[in-house]
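Note that this is a predicted model, so its numbers are computed, not measured. The sequence lines fix the lettering, A, B, ..., with proteins before strands; numbering per chain opens at 1.
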Amino acid sequence: MNPRITFATGARVLTQLRRDHRTVVMLLVLPSVILGLMCWIYSDIPGRFDQIGPRMLGLMPFVVMFIVTSVATLRERRTGTLERLLTTPMNKLDLLLGYGFAFGLVAIVQAGIATGLTMTWYGVDAETRGGWAMFLTASTVAVFGAAAGLFASAFARTEFQAVQLMPAFVLPQFLLCGLLVPREQLNSTLNAISDFLPLSYAVDAMAESVERGGLTGQIGRDLAIIGGSAFLALAAGAATLSRQSA
Amino acid sequence: MMNSAVVMRDLSVTRGGRRVLTVDGLDVAAGSITGLLGPSGCGKTTLMRTIVGVQRFAGSVSVLGLPAGSSELRHRVGYVTQAPSVYGDLTVAENVRYFGAMVGAGADAASAALAAVDLTDLAGRRAEQLSGGQRARVSLAAALVGRPALLVLDEPTVGLDPLLRRRLWEFFAELAAGGTTLLVSSHVMDEAEHCDRLIFLREGAVLAADTREGMLAGTGTTSAEDAFLAMLGEQVAA
C-alpha cells in the first residue's frame, strides 16, 4: 500500500464525480427527498414517522452508495483503465481505499443532510446527541454500502447485471431488518438469518439513537459490526481483483 | 551477443482450452525498436500482455532480468493498450498526472510527456471530447510519464495522420537512442521500416525474428510485406 497512490486515486474519483453534476445532486438529495415523502405519507398518523423515518435513514445510504460504487468500478473494469492501473505499482488495496475514501466523503455529506432534515423539518425528536448517533450510523452504513458495491461489481460483467445486483443484495435485508416486522416477531429461522445481515444492525442502531437520545454501548456494538462488514467487503473486493487473467 | 530486455523460453498461452500462443524462444533486444508484426488476431496483444504481466502463461519469460509479472517491474515497464485506456471525464493533463502519480512522477514529467506527444495545446480538454487518435496519444503520454525502461505499445500509430505518425516514430527513435527498449506492434507491414528488429507472428506462432536488414537479406526482398510472404511460403513448402 502507498498513501500517495491511495490519495491520488481518491482525488481522481472525486474529480470525476464533480464533473457529473446529476449524479452529485442525486447522491446528496435523493435520500432526503424519499424520507420527506415518507414523512408526508405518515403525517396523519402521530408518532409513526418518528419510528420508521430513522430506521429508513439507516438503509437509504446503503442503497445509493451501493449502486454508484458498483457501476463506477464496473466502468473501470470495462474501459481498460483497471488493467492499466494493475500494470503500475498501484496495490489493489490502494484502488479500493481510494474509492472508499472518495465515496465515503460523499456518503458523510449525504448522511449529514438527511439526518439534519430528519431532525428538523421532518420533526423527529431525538435531541442533539441522538442526532449525532444517527449521523454516525448513517455514515457508517454509507461506507459499508460503498464497500459492498465495490465487492459486488466483481460479479457483474454488464451494467444490466450491476443494477440487478442492488435488489439482490438489498431487498432481502430490507425485508428482514425489522423495518416491516420487528425482528423479535420474526419466526426463529428468519430471525436467525436477520442476525447475519449487517443492515439489521443499522436499523437497530437508528432505533436506539432515537429512543435513548444518545450514543449507547449497543449502538457502538452495532456500528462495529457494520464497520467490520465494510472491512470484510473491501478485503473480499481486493481478492476479486486479479492482476493476471487468462 | 545481443543484450536482451525480454527473454522468452517455451512460452505457451492457453485460453478456453485452446492454445493461442506458442513461443519456443524469443528475445527482444535492449535499447532498440522491435516491431511485432502480423495480421489481426495472430497473438500480438497476448504476447504483449504476457510481457507486462497481466496474462497467465506457462513457460519462462524474463523481463529486464526479472520474471514477468514481478512487482519491481511495474515501475520500469510502460504498457499502452490498443484501445486507449484513459478516463474520458478527466482532462488530458489530469489523466497524465494521475498515471504519473502511480509511478511517482511529478507535474514536470507530466508536462514533458504531453509535449512529447504534441498534446500541450489540448491539456485542458476532456479526453472524451478528443478524436480517437488524440485519445490514443493521451494513452501513450500516460505510459511515457514514468520514463519506463521498456515500453510496450500495442498499435500506437493506428488512425494517426501521416505527419504525426512520422513525428511519433522519430520520437520513438530518440527514446531508443537514449536506452529505452520499445516493442511496438502493428498489423501494417509498412511500419517495419521504422524498426531495428522485426518479429513476424502468425496464428499464434513466431514466423521469424531478426534484424530488419537480416530479414530482408535472408529472404531476398525489399519490403517487410514481401519478406513476410516469403517466410510464409517457406513454411508452407516445408
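- Across all their heavy atoms, P89(A) and V103(B) have their closest contact at CD-CG1, 3.6 Å.
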May I have the step-by-step check of side chain to side chain contact (heavy atoms under 4.5 Å, CB included) for N2(A) and M102(B), ending in yes or no?
CA-CA 9 Å; N2(A) 181 324; M102(B) 298 298 109; over 6 Å; no
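- Atom CG of residue L86(A) and atom CZ of residue R74(B) lie 8.0 Å apart, to the nearest 0.5 angstrom.
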Should T87(A) and V77(B) be marked as a side chain to side chain contact (heavy atoms under 4.5 Å, CB included) after you check the CA-CA gap, both sets of side-chain angles, and the distance that decides it?
CA-CA 8 Å; T87(A) 66; V77(B) 178; over 6 Å; no
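- The greatest number of non-hydrogen atom pairs below 4.5 Å with chain A, out of A83(B), S71(B), G88(B), A142(B), is found for A142(B).
- Residue E94(B) touches chain A through its side chain alone, counting heavy-atom pairs closer than 4.5 Å.
- Of the atoms belonging to V13(B), not a single heavy atom falls under 4.5 Å from chain A.
- In the displayed structure, F7(A) atom CZ is contacted under 6.0 Å by at most 12 heavy atoms of other residues, nucleotides or ligands.
- Residue contact with chain A, scored on non-hydrogen atoms closer than 4.5 Å, involves the backbone and the side chain of T91(B) alike.
- Heavy atoms closer than 4.5 Å to chain A are found nowhere in R97(B), neither backbone nor side chain.
- Here the shortest heavy-atom pairing between R49(B) and S245(A) reads NH2-OG, 2.8 Å.
- By the neighbour-count criterion of 12 heavy atoms within 6.0 Å, atom CG of D108(B) is sparsely surrounded, having that number or fewer from other residues, nucleotides or ligands.
- Contact annotation for T79(A): only backbone heavy atoms (N, CA, C, O) come within less than 4.5 Å of a heavy atom of chain B.
- Side chain to side chain, R84(A) and Y79(B) fail the donor-acceptor criterion of an N or O pair below 3.5 Å.
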Might you work through the side chain to side chain contact (heavy atoms under 4.5 Å, CB included) test for F99(B) and L85(A), ending with a clear yes or no?
CA-CA 8 Å; F99(B) 285 106; L85(A) 287 174; 3.5 Å; yes
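- Put simply, of P148(B), G104(B), G69(B), G16(B), the one with the most heavy-atom pairs under 4.5 Å next to chain A is G104(B).
- For a residue to count as touching a neighbouring chain, one of its non-hydrogen atoms must lie under 4.5 Å from one of that chain's; by this rule R4(A) touches chain B with the side chain only.
- Of the two parts of I5(A), the backbone and the side chain both hold a non-hydrogen atom closer than 4.5 Å to a non-hydrogen atom of chain B.
- Residue contact with chain A, scored on non-hydrogen atoms closer than 4.5 Å, involves the backbone and the side chain of S139(B) alike.
- Between Q55(B) atom CD and E83(A) atom CD the span is 8.5 Å, to the nearest 0.5 Å.
- If you run side chain to side chain donor-acceptor pair (under 3.5 Å) between Y87(B) and each of R19(A), R75(A), Q16(A), R12(A), only R12(A) comes through.
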Begin from the C-alpha positions of V86(B) and T81(A) and carry the test side chain to side chain contact (heavy atoms under 4.5 Å, CB included) through to its verdict.
CA-CA 6 Å; V86(B) 293; T81(A) 47; 5.5 Å; no
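- Counted within 6.0 Å of CH2 on W169(B), heavy atoms from surrounding residues, nucleotides or ligands total more than 12; the atom is thus considered enclosed.
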